[in-house]
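Quick note: numbers below take in every heavy atom, side chains included, and nothing from hydrogens, waters or symmetry partners. Numbering of ligands and ligand atoms starts at 1, following listing order. Model, not experiment: these values are computed from the prediction.
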Amino acid sequence: MLDRPLLMAIVNLTPDSFSDGGRHLDPRAAIDAALAMVEQGADILDLGAESTRPGAATVSPGEEIRRLLPVIEALAGCGVPLSVDTRKPEVMREVLAAGADMINDIAGFATPGAVEAVAASRCGLCVMHMQGEPGTMQQAPAYADVVAEVQDWLRERVAALEAAGVAPARICVDPGIGFGKTVEHNLRLLEALDEFAALGQPILVGVSRKSLVGALTGRPVGERLAGSIAAALAAVARGAKIVRAHDVPETRDALRVWQAIEEASAG
Ligand code: HH2
């Protein structure tokens with residue numbers, strides 16, 4: 001399945017996500033938006049019920065579950081895997097029981113109980129790197145060597161999952177663009193993404209509409225599509241296998257064209 005880059009479409013069930021908060025808070029609206037994304041070529045749907053933008057307020061596990069369950073139940077069988085973006089073990093257990101196929105954890109399954117919550121299931125996992133906590137992570141991110149430190153941390157988290165019995169084939173890794181990183185850190189990680197192949201796991205990257213794109217273009221969140229696509233293609237050119245994005249038709253087109261050129265050059 002990973003012989004072409006996959007498109008993970010973002011469905012935020014939150015009132016306060018940085019770019020589309022509030023749009024899909026009503027379950028029916030979220031379900032319709034998600035089904036439209038599948039029609040438009042999404043390979044995976046990533047459902048998130050807690051905003052992780054810098055400074056965002058936390059949501060209780062009960063509230064997160066209440067937002068997620070009706071949407072998961074309605075989307076089960078929609079034709080693409082359902083990923084849930086959460087870092088809470090209670091939420092992981094509930095959504096897996098409800099039929100979720102993948103857990104995307106911005107805390108890299110480092111929260112106590114998170115590894116155990118996923119180990120017994122067969123779900124896919126995305127292990128993302130974050131320095132600090134969403135509330136404060138952008139205040140003073142610091143690394144001696146950002147690429148080495150992010151890689152070491154991801155390697156350690158993958159080892160912890162494997163030690164708990166998770167098959168490596170279930171795991172992808174993500175450097176966590178914008179999560180406790182300056183513009184320079186983000187650029188360095190994207191530029192060196194091919195070095196992450198040494199971890200031996202597929203690489204997922206999320207750059208869509210992020211402040212990195214804003215910093216480079218001077219554009220507000222609603223005008224970052226072109227910059228987001230440029231960053232996504234730079235990531236796949238350096239080996240990313242899954243791209244997490246808000247704008248499905250446009251990102252799909254960009255990936256198709258990129259892929260066709262790759263195939264032509266391979267003969
Ligand atoms: N970025 C966000 C959320 N989850 N998960 C992974 N694996 N990689 C990412 O880069 C990533 C992520 C932030 O984007 P968004 O979901 O649009 O915003 P919010 O966190 O405000 O809901």
Give the numbers and elements of all ligand 1 atoms closer than 4.0 Å to a heavy atom of [X].
| X | result |
| --- | --- |
| Ile106 | 4 (N), 5 (N), 12 (C) |
| Leu204 | 7 (N) |
| Cys126 | 7 (N) |
| Gly206 | 10 (O) |

Below 6.0 angstrom between ring centroids: does that apply to His129 and Phe179? no
Lys210 and ligand 1 - part of the residue with a heavy-atom distance under 4.0 Å: side chain
Where on Asn104 is there a heavy atom closer than 4.0 Å to ligand 1, on the side chain, on the backbone, on both, or on neither? side chain
Are the side chains of Val166 and Ile171 in touch, meaning some heavy atoms are under 4.5 Å apart? yes
For the side chain of [X] and the backbone of [Y], is there at least one donor-acceptor N/O pair under 3.5 Å apart?
| X | Y | result |
| --- | --- | --- |
| Asp247 | Glu250 | no |
| Gln138 | Lys181 | yes |
| Glu50 | Val59 | yes |

Is there a nitrogen or oxygen of [X] sitting under 3.5 Å from a nitrogen or oxygen of ligand 1?
| X | answer |
| --- | --- |
| Glu50 | no |
| Arg244 | yes |
| Asp46 | no |

Does Arg209 come within less than 4.0 angstrom of ligand 1, counting non-hydrogen atoms of the residue? no
side-chain contact (heavy atoms from CB on, under 4.5 Å) partner of Cys172, chosen from Met102, Lys241, Met128, Met8: Met102
Just by distance, with hydrogens left out, do Thr86 and Glu64 show a side-chain donor and acceptor under 3.5 Å apart? yes
